[in-house]
There are 2 protein chains.
Amino acid sequence: MEPSHSDVHGDCRAISDVLARIGDKWTVMVVGLLSDGPMRFNELRRTIGGISQRMLTLTLRGLERDGLVTRTVFPTIPPRVDYELTDLGQTLIVPLKSLFAWATSNRPMIAAAQQAFDAATPNTPVPHPPRQVPNLQAARLPKMAQAFDDAPGGRNGR
Amino acid sequence: MEPSHSDVHGDCRAISDVLARIGDKWTVMVVGLLSDGPMRFNELRRTIGGISQRMLTLTLRGLERDGLVTRTVFPTIPPRVDYELTDLGQTLIVPLKSLFAWATSNRPMIAAAQQAFDAATPNTPVPHPPRQVPNLQAARLPKMAQAFDDAPGGRNGR
DNA sequence: CTGTATCCGAGCCGATACTG
DNA sequence: CAGTATCGGCTCGGATACAG
């Protein structure tokens, strides 16, 4: 018998579990940044720009719990803590790239569909309004680009 | 030529936008079910099993707004409404498969990491407790399997 | 610098009741 | 059958203050 259909039960939970982790507001961005190499707490904080230290701590703690990042403390003064992707964390970048490619290449189409839909039903309030993620400051971030760019099926020459 | 580094600003927003849509509790499951072909409202509702009609409506409305599914009304009595993935919606399955493959093949490792972490810090409450998605009933759902199975890197034989 | 603790608003999501 | 409306709990996530 083919390998398919084997454990649908557990399988559909699997993807939900993953989305419960990376589906939140900040996780993918952190992973993307970290994919370029280890970073310190405030380095992440500054680069992202719109995250509170509370959420950064929580996000990192969650990733650490799942074995996706390591937390290394240097007992110096002032203290220094490095966060780095584990091997497992690195592998996550692959499917993330796939998603990233889809997102970038289809965003215009989605935006158009939304406008068309909203125009057709002006009275109905939008299902779920945005969750705006503040843009990173353009300055210090070829990092994020390397992280997800060069994905398959993503973009042609531009 | 590498097209990289071109529009980092817009790009990191792109992936966040996508996650804002598919990162919620039900969307991927609906897309997975729909990937096998059109389905009616209550058919989806029954198959998923744990979703309220409110959330199913909202989820479908959101997908429709983004141009990922179409809603077709048959003005019969009783009324009948079919939901179906658009071409754009179909393309989403590709990156979803990628994620699905990663999820299934790494879930044991993640679970282990969590246990280890929780064992090491018994007092600290978990960052974000679960978001349990009720399992689909095993009965009528080879559908979901076809949707995401045969993904690359996912599973070898067996 | 790297966190933790607390307060608080906003939204998600389920339960229930009602309509065409 | 396929929704809409309304209520209420709960969680997410920002702001602020404090600690090692």
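In what follows, chains are A, B, ... by sequence order, proteins preceding strands, each numbered from 1. Keep in mind that the numbers below use all heavy atoms, side chains included, and drop hydrogens, waters and symmetry copies.
Remark: B:Arg71 is in phosphate contact with D:dG3, judged by side-chain N or O atoms under 4.0 Å from OP1 or OP2. Here B:Tyr83 does not reach the OP1 or OP2 of D:dC1: none of its side-chain N or O atoms lies under 4.0 Å away. Taking only side-chain nitrogens and oxygens, A:Arg40 comes nearer than 4.0 Å to OP1 or OP2 of C:dT2.
Here D:dG13 is the nucleotide among D:dG13, C:dT16, D:dA2 with the atom lying nearest to any side-chain atom of A:Lys25. Out of D:dC1, C:dT4, D:dG3, the shortest distance to the side chain of B:Arg61 is found at D:dG3. Comparing D:dT6, C:dC1, C:dT6 by their closest approach to the side chain of A:Arg54 singles out C:dT6. Taking only side-chain atoms of B:Met55, from C-beta outward, the nucleotide of C:dC13, D:dC1, C:dT4 with the closest atom is C:dC13. Considering only the side chain of A:Val81, C:dG3 comes nearest among C:dA17, D:dG14, C:dG3.
Among the atoms of the strands shown, none is found under 4.0 Å from any heavy atom of B:Arg45. Residue A:Phe74 is classed as having no contact, given no heavy-atom separation below 4.0 Å to the nucleic acid.
Summarising the geometry of B:Ser98 relative to A:Pro95, their closest heavy-atom pair is OG-CA, 3.1 Å, with the distance given to 0.1 Å. Scanning both residues, A:Arg107 and B:Asp17, for their nearest heavy atoms gives NH1-OD2, 3.3 Å. In terms of heavy-atom proximity, A:Phe41 sits nearest to A:Leu56 at O-CD2, 3.6 Å.
In this structure, the CD atom of B:Glu43 is 17 Å from the C1' atom of D:dG3, given to the nearest Å. At whole-Å resolution of the value, CG in B:Leu19 and P in D:dG13 are 12 Å apart. Residue A:Ile51 contributes atom CD1, which lies 14 Å from atom P of D:dC12 at whole-angstrom precision. Taking atom CD1 on A:Ile48 and atom P on D:dG13, their separation rounds to 13 Å, with Å as the unit. Rounding to whole angstrom units, CD1 of residue B:Ile77 and C1' of C:dT19 are separated by 14 Å. Note: CG (A:Leu44) to P (C:dC1) measures 13 Å, nearest angstrom. Across the protein-nucleic acid pair, B:Phe41 atom CZ and D:dG3 atom C1' stand 6 Å apart, rounded to whole Å. Rounding to whole angstrom units, CG of residue A:Leu58 and C1' of C:dT4 are separated by 11 Å.
Note that the two end axes of the helix from C:dC1-D:dG20 to C:dG20-D:dC1 enclose an angle of 40°, each drawn from 5 base pairs, rounded to 10 degrees.
At least one side-chain heavy atom of A:Leu99 sits less than 4.5 Å from a side-chain heavy atom of B:Ile22.
Following chains of ILVMFWY side-chain contacts shorter than 4.5 Å, one cannot reach A:Val94 starting from B:Ile110, and the two form parts of different hydrophobic clusters.
Expressed to the nearest 0.5 Å, how far CH2 of A:Trp26 lies from CD1 of A:Ile51 amounts to 5.5 Å. Distance check: A:Phe74 CZ to A:Arg40 CZ gives 9.0 Å after rounding to the nearest 0.5 Å. Summarising the geometry, atom CG belonging to A:Asp66 is positioned 12.0 Å from atom CE belonging to B:Met109; distances are rounded to the nearest 0.5 Å.
Each of A:Pro79 and A:Gly23 was assigned the nucleotide of DNA chain D with the nearest heavy atom; the assignment lying further toward the 5' end belongs to A:Gly23.
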